[in-house]
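Written below as structure tokens is the structure these notes are about.
For clarity, every value in this text was computed on a predicted model and none was experimentally measured.
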Amino acid sequence: MPRTRANSSKQKTQTTLPFSRNRSEPNSDMAESGVAEPQVSQPAILTIKATIDDSIENITEELQTVLAELQRIESEFDRAVQELYKRVECLDYNEDVRAQKIKFLEHICDKLEETNRNQAYAINAQERFSRKNNIRIVDFQAQEGENCFNIVKTVFRKFSIKYVNIVEARREGKPTPGRARHILVKHASHSDKLMAQKFQRQKLSDEQYVITDDLSRIDLREKRKFGHQVSILYSQGVKLRFTAGR
């Protein structure tokens, strides 16, 4: 009876562990299916190993080629960056030089404008001096074969001035349709001019012509700026005279 119990225990152990087998034993599944377990020979293993080594070597060479290309690209990129940096520095320098030149030219222009203003003022002062004895007879109708000296004498008789020393008397300016050219009169004495200007509004109030001062172009532009205001004041009985740019 004891031997029988031991055999039962051994059978029970073999039943609960059916997967426990010796590695040297053939696979029961492959045996049952009739497929023999593959056997790899030593030469095949060496061939596979050699193939793997060759593949690794090829991959290494490709990686080295890619790495060398990346290094070349990095070197060219660095060189391009340095070149751009030099260009930027050059542009900054040129910009500074250009700014200095512009500042210098602006200074020169300011000096030239100041010189131009001073010269224009001096020229206008000289022109005023050359015109200080001049008057203009405006809107005196032209006549064929007229003598401007005789016209001036006729006009000055209205001022009760018997003798007038006239240096020059002539028509001046471009012809304008419907309007007579001015008669430019140059007196030898400044007092004669002042006498004519003093009485001309009173003595020539009924005439179609008037006597005005001979202004320079700059003074004439300045006078015309206030033409509207002067007309309003004149209608209100205020009389003004524009002389010497004032």
Side-chain angles (χ1 to χ4, degrees), residues 106-144 146-246:
E106 288 177 348
H107 176 71
I108 294 298
C109 289
D110 293 339
K111 287 292 185 182
L112 290 175
E113 289 179 357
E114 182 180 1
T115 302
N116 186 39
R117 286 193 299 267
N118 293 337
Q119 289 181 349
Y121 179 81
I123 291 172
N124 191 52
Q126 290 293 328
E127 192 171 356
R128 286 175 183 171
F129 182 79
S130 67
R131 294 169 181 256
K132 70 174 185 176
N133 293 342
N134 297 356
I135 61 171
R136 287 177 178 266
I137 301 176
V138 182
D139 291 335
F140 194 97
Q141 296 301 317
Q143 301 175 2
E144 186 176 356
E146 67 182 6
N147 187 316
C148 291
F149 281 90
N150 294 333
I151 293 174
V152 174
K153 293 177 181 179
T154 301
V155 171
F156 271 66
R157 289 193 190 99
K158 296 180 178 294
F159 305 148
S160 300
I161 301 175
K162 296 181 180 180
Y163 177 78
V164 179
N165 189 2
I166 301 173
V167 177
E168 183 180 3
R170 58 181 174 83
R171 292 279 182 178
E172 196 266 343
K174 294 182 180 180
T176 302
R179 188 168 185 178
R181 293 189 299 164
H182 297 181
I183 298 177
L184 178 63
V185 182
K186 187 176 186 64
H187 296 274
S189 171
H190 187 62
S191 60
D192 291 342
K193 171 188 174 179
L194 296 179
M195 187 67 68
Q197 289 180 324
K198 179 178 180 181
F199 296 106
Q200 67 96 11
R201 286 182 177 176
Q202 177 183 358
K203 300 295 183 178
L204 302 179
S205 59
D206 297 333
E207 300 292 342
Q208 299 296 323
Y209 57 89
V210 295
I211 292 177
T212 63
D213 198 2
D214 183 29
L215 300 176
S216 65
R217 290 182 180 271
I218 295 177
D219 291 343
L220 186 59
R221 284 197 301 266
E222 188 69 18
K223 178 182 179 180
R224 287 172 177 172
K225 289 181 181 179
F226 306 97
H228 181 66
Q229 293 88 332
V230 171
S231 298
I232 295 175
L233 293 173
Y234 186 79
S235 64
Q236 297 174 355
V238 179
K239 297 180 181 180
L240 303 174
R241 183 181 298 278
F242 184 89
T243 57
R246 298 184 296 273

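- Between Glu127 and Arg131, the shortest heavy-atom contact is OE2-NH2, 2.7 Å.
- To the nearest 0.5 Å, atoms CD1 (Ile218) and CZ (Arg128) are separated by 8.0 Å.
- For the side-chain contact (heavy atoms from CB on, under 4.5 Å) test, residues two or more places apart in sequence or in another chain that qualify with His190 are Lys132, Asn133, Lys193, Leu194.
- Pairs of residues two or more places apart, or lying in two chains, that qualify as salt bridge (Lys or Arg N to Asp or Glu O under 4.0 Å) and include a residue from residues 173-187 are Asp139-Arg179.
- Glu172 meets the side chain to side chain donor-acceptor pair (under 3.5 Å) test with Arg136; sequence neighbours excluded.
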Run the side-chain donor-acceptor check on residues 111-124: report pairs under 3.5 Å with partners two or more places apart or on a different chain.
residue: Thr115; atom: OG1; partner: Lys111; partner atom: O; Å: 2.8
residue: Asn118; atom: ND2; partner: Glu114; partner atom: O; Å: 3.2
residue: Asn124; atom: OD1; partner: Ser216; partner atom: OG; Å: 2.5
residue: Asn124; atom: ND2; partner: Asp219; partner atom: OD1; Å: 3.3

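- To the nearest 0.5 Å, atom CD1 of residue Ile183 and atom CD1 of residue Ile151 are 4.0 Å apart.
- Partners of Tyr209 according to the ring-ring contact (aromatic ring centres under 6.0 Å, His included) rule, which considers only residues two or more places apart in sequence or in another chain, are Phe140.
- The shortest heavy-atom contact between Arg170 and Cys148 is CA-SG, 3.8 Å.
- Using a 4.5 Å heavy-atom cutoff, the side chains of Leu184 and Asn134 are in contact.
- Between the side chain of Asp213 and the backbone N or O of Leu215 there is no donor-acceptor pair closer than 3.5 Å.
- Between Val185 and Val155 the shortest side-chain heavy-atom distance does not fall below 4.5 Å.
- The side chain to side chain donor-acceptor pair (under 3.5 Å) test applied to Ser191 returns Ser189, not counting sequence neighbours.
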